[in-house]
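Counting convention: from 1, in listed order, for ligands and their atoms alike. Computed from heavy atoms alone, side chains included, the values below leave out hydrogens, waters and symmetry copies.
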Amino acid sequence: MKTIVGESKRYLDINLSDRSWTAFSPPEEDLRDYLGGKGLGLKLIYDRADSGARLAAMDPLGPDNILAFMMGTFVGTGATCSARFAGVTKAPLTGIMVGSSCGGPFGMACKTAGWDGILVRGAAEKPTTLLIDEEGARFEDAGDLWGLGTDEAQRRLVAKPRQGALVIGPAGENGVLYANIRSGNRYLGRGGMGAVMGAKRLKAIVATGQSFRIEPADKASFEKHRDIGRKYINRNAFVLGYRAYGTNYGVEPGIRAGFAPVRNFRDRTDERCRALSGEAMASRYKTRHAPCAPCSVLCGKKGTYPDGAERHIPEYETIGVWGGNILNFDPDLVGIWNDLMNDLGLDTISAGVTVSWAMEAAEKGLRPSGLAFGRTDNIAGILEEIALREGEGAELSLGSKRLAEKYGGMDFAAQVKGLEMAAYDPRAGWGQGLNYAVANRGGCHLNAYPIALEAMFGYIPPYTTLSKASWVAFLEDLFDAVNATQTCQFSIFGYLLEPPIARLTPKPLLKMAMTLLPGAAQLVLDWGALSGQVEAITGRRLSQRDYLKVGRRSHVLERHMNVLMGVGPADDTLPRRFLEEAATKHPDKSVVPLGPMVKAYYRKKGHDGNGVPTAKLLASLGIPAAGRKR
Ligand code: SF4
């Protein structure tokens with residue numbers, strides 16, 4: 001087997017329109033400044049779009065749109081939580097940029113085939129499968145795969161253990177605006193990337209890897225930092241909860257702290273949600289680990305259902321939006337619907353929140369529907385209809401924002417910038433409200449995830465505006481550094497909270513510092529075990545502050561691209577429900593005091609008063625005001 005030291009720097013540029021491909025290397029300064037993953041994907045698309053006007057005019061479902069699949073620094077190195085890669089494109093659901101991180105076998109197969117990333121543009125004349133190996137790309141007809149669910153498509157396409165596939169289901173083929181892309185049992189979930197692939201008539205990409213082994217540039221330093229990082233991850237309370245119960249570990253705190261979505265985000269809590277908790281499912285389904293590999297967190301779970309079927313346990317977000325949010329308290333049903341959505345290729349979050357919006361809209365007489373809170377017998381049928389864009393599903397396939405524009409009910413459409421919010425009611429943590437409002441891709445929980453610090457682990461009080469702008473701005477930068485590296489975001493709290501400086505500080509003192517002096521707290525926090533691995537793999541000098549700057553550059557570039565596509569301050573907001581409706585079932589009566597936090601956030605980030613990255617900020621990060629034509 002041949003060896004790649006750190007990164008191959010080889011990328012594929014695929015044109016489906018004429019079935020051609022070329023290999024290229026990005027400029028060295030882009031590799032240094034963006035590392036890989038999401039940030040580099042954004043930069044490559046930015047340069048190829050060449051101007052803001054072209055970026056704005058680009059039809060997400062047209063041949064000009066570019067779909068980037070980007071490996072990161074960690075993939076293939078044996079670093080913890082490193083079986084991940086990014087997808088980046090202009091999203092059909094929102095009309096702005098979207099980046100997603102995904103586990104499963106594709107990332108490893110692509111990187112060990114010798115390719116650090118793939119750009120896909122154009123559109124094939126007929127259904128096509130793209131085959132990638134160390135020699136390059138080949139194109140195959142996929143007529144016999146078109147129409148298949150993702151389960152069967154993967155079964156037919158992946159013949160060897162060293163292969164990894166990306167596939168879409170009927171939802172992507174039919175242009176559902178929140179169709180996803182699947183790799184193994186993991187997903188590029190948000191924004192409708194599956195529809196972009198479907199519009200290009202690309203059913204699948206299959207990479208055949210293990211032609212190369214990936215070695216760090218400095219093996220001893222890599223192993224030292226990796227082992228320290230692993231130690232931190234292994235003793236972190238957040239990680240231990242996820243390892244024991246999967247992401248559904250969040251259900252119990254959600255009921256207690258009031259971030260559980262209930263009745264289309266009206267109630268904030270319901271004791272009956274307890275039947276869907278990680279603890280309840282561990283006992284009911286005798287759950288066992290089913291992680292991405294390699295991984296030290298081990299959040300993925302599978303279990304045996306009462307019908308005898310072995311199923312992957314749905315994630316917290318799926319449980320939230322298909323459980324209490326539609327008044328369903330039967331975990332078996334969520335497991336069955338989860339399998340169905342995964343096979344059809346639907347983003348479970350957007351599908352669930354669109355359906356709960358339709359239930360409330362019907363209740364209020366805005367739009368007729370057979371969907372109703374607590375009614376479960378017609379859900380499987382409606383999911384099929386959405387994927388095929390038939391019957392009522394044709395409208396539901398457009399997402400909650402477009403439906404609310406047509407029928408009214410925008411106040412209770414739980415979305416931001418067109419992307420449905422995940423299962424965290426922001427009234428339970430005002431930082432989470434700010435996170436949703438300003439997140440680049442819309443109602444995204446993974447933009448900064450402050451709810452973990454606020455309502456899950458109590459490092460910052462949830463009902464205060466103090467420090468929230470600072471933490472959201474800081475965590476956005478750190479998370480986008482992680483997205484460049486492509487390690488799992490779930491490992492972050494281990495890296496951040498378990499080094500001696502945070503671990504040995506008494507929690508009340510740490511909490512006070514994080515709330516009253518967030519800038520000082522961020523200065524003394526230590527994520528060197530993470531940035532040290534990146535430095536050792538690539539051989540580029542990279543302090544932990546340099547690493548944070550990589551994330552900031554990526555985040556600001558994405559904001560800049562979104563501004564060029566028309567995003568403005570009016571988009572950095574929350575649905576009125578979260579700003580004005582305090583009366584819920586939860587005893588804490590709270591609404592999100594958003595305005596002052598957004599202004600403070602703009603200042604922290606270095607944007608002007610309208611949330612536009614200033615010329616000075618762009619220059620300080622080396623971001624050109626327009627893309628460089630490639
Ligand atoms: S923590 Fe979960 S999502 Fe992240 S890499 Fe591990 S198994 Fe995959």
Side-chain angles (χ1 to χ4, degrees), residues 36-38 70-87 99-111 164 166 180-190 226 229-251 278 281-282 287-303 311-320 338 342 347-349 422-423 444-447 449 452 456-457 478-498 529-530 533:
K38 176 185 160 188
M70 307 295 293
M71 313 312 114
T73 319
F74 271 25
V75 187
T77 60
T80 58
C81 310
S82 57
R84 303 194 69 84
F85 62 99
S100 269
S101 173
C102 184
F106 180 78
M108 193 75 84
C110 186
K111 183 131 176 182
L166 283 179
N180 65 16
I181 301 175
R182 180 169 184 172
S183 160
N185 281 300
R186 295 281 161 183
Y187 304 85
L188 290 163
R190 311 299 326 265
R226 181 199 60 195
R230 197 175 278 161
K231 186 172 77 182
Y232 294 162
I233 289 168
N234 279 334
R235 69 186 184 201
N236 180 247
F238 177 88
V239 168
L240 296 178
Y242 271 31
R243 185 178 295 165
Y245 301 116
T247 51
N248 292 312
Y249 176 63
V251 171
M281 284 196 279
T287 57
R288 36 218 183 262
H289 295 312
C292 317
C295 174
S296 296
V297 177
L298 309 177
C299 82
K301 298 278 176 279
K302 62 184 175 184
R311 295 194 169 88
H312 284 266
I313 304 295
E315 301 295 336
Y316 166 80
E317 286 72 23
T318 310
I319 285 284
N338 184 54
N342 292 342
D347 171 19
T348 59
I349 300 174
C444 162
H445 59 300
L446 293 170
N447 174 60
Y449 204 50
M456 288 171 102
F457 296 101
L478 190 59
F479 278 32
D480 262 353
V482 164
N483 290 332
T485 309
Q486 282 303 305
T487 184
C488 187
Q489 291 188 346
F490 296 159
S491 62
I492 280 294
F493 292 112
Y495 283 114
L496 209 55
L497 297 173
E498 299 303 327
L530 179 56
Q533 289 178 72

CD1 of Ile319 to OG1 of Thr348, rounded to nearest 0.5 Å, is 10.0 Å

Using heavy-atom distances only, which candidate in Cys292, Gly246, Gly104 approaches atom 8 (Fe) of ligand 1 most closely? Cys292

Short side-chain donor-acceptor distance under 3.5 Å, His312 and Lys301: no

Are the side chains of Asn236 and Val297 in contact, using a 4.5 Å heavy-atom criterion? no

Distance alone, cut at 3.5 Å: any donor-acceptor contact between the side chains of Arg84 and Ser101? yes

Modelled atom types, side-chain donor and acceptor of Asn483 and Gln489, under 3.5 Å: yes

Nearest-contact summary for atom 1 (S) of ligand 1 - protein heavy atom, Å: Val297 CB, 3.4 Å

Of all the heavy atoms in Gly103, does at least one lie under 4.0 Å from an atom in ligand 1? no

Determine whether the side chains of Tyr495 and Gln533 contain a donor N or O and an acceptor N or O closer than 3.5 Å. yes

Just to confirm my output: which protein heavy-atom neighbour is closest to atom 4 (Fe) of ligand 1, and how far is it? Cys488 SG, 2.3 Å

Tell me which protein heavy atom sits closest to atom 6 (Fe) of ligand 1, plus the residue, atom name and distance to 0.1 Å. Cys295 SG, 2.2 Å

Element-labelled atoms of ligand 1 that are located less than 4.0 Å from some non-hydrogen atom of Arg84: 3 (S), 4 (Fe), 5 (S), 8 (Fe)

If the cut-off is 2.8 Å, does any N/O/S atom of Cys299 fall short of it from atom 2 (Fe) of ligand 1? yes

Taking only non-hydrogen atoms of Arg186, do any sit less than 4.0 angstrom from ligand 1? yes

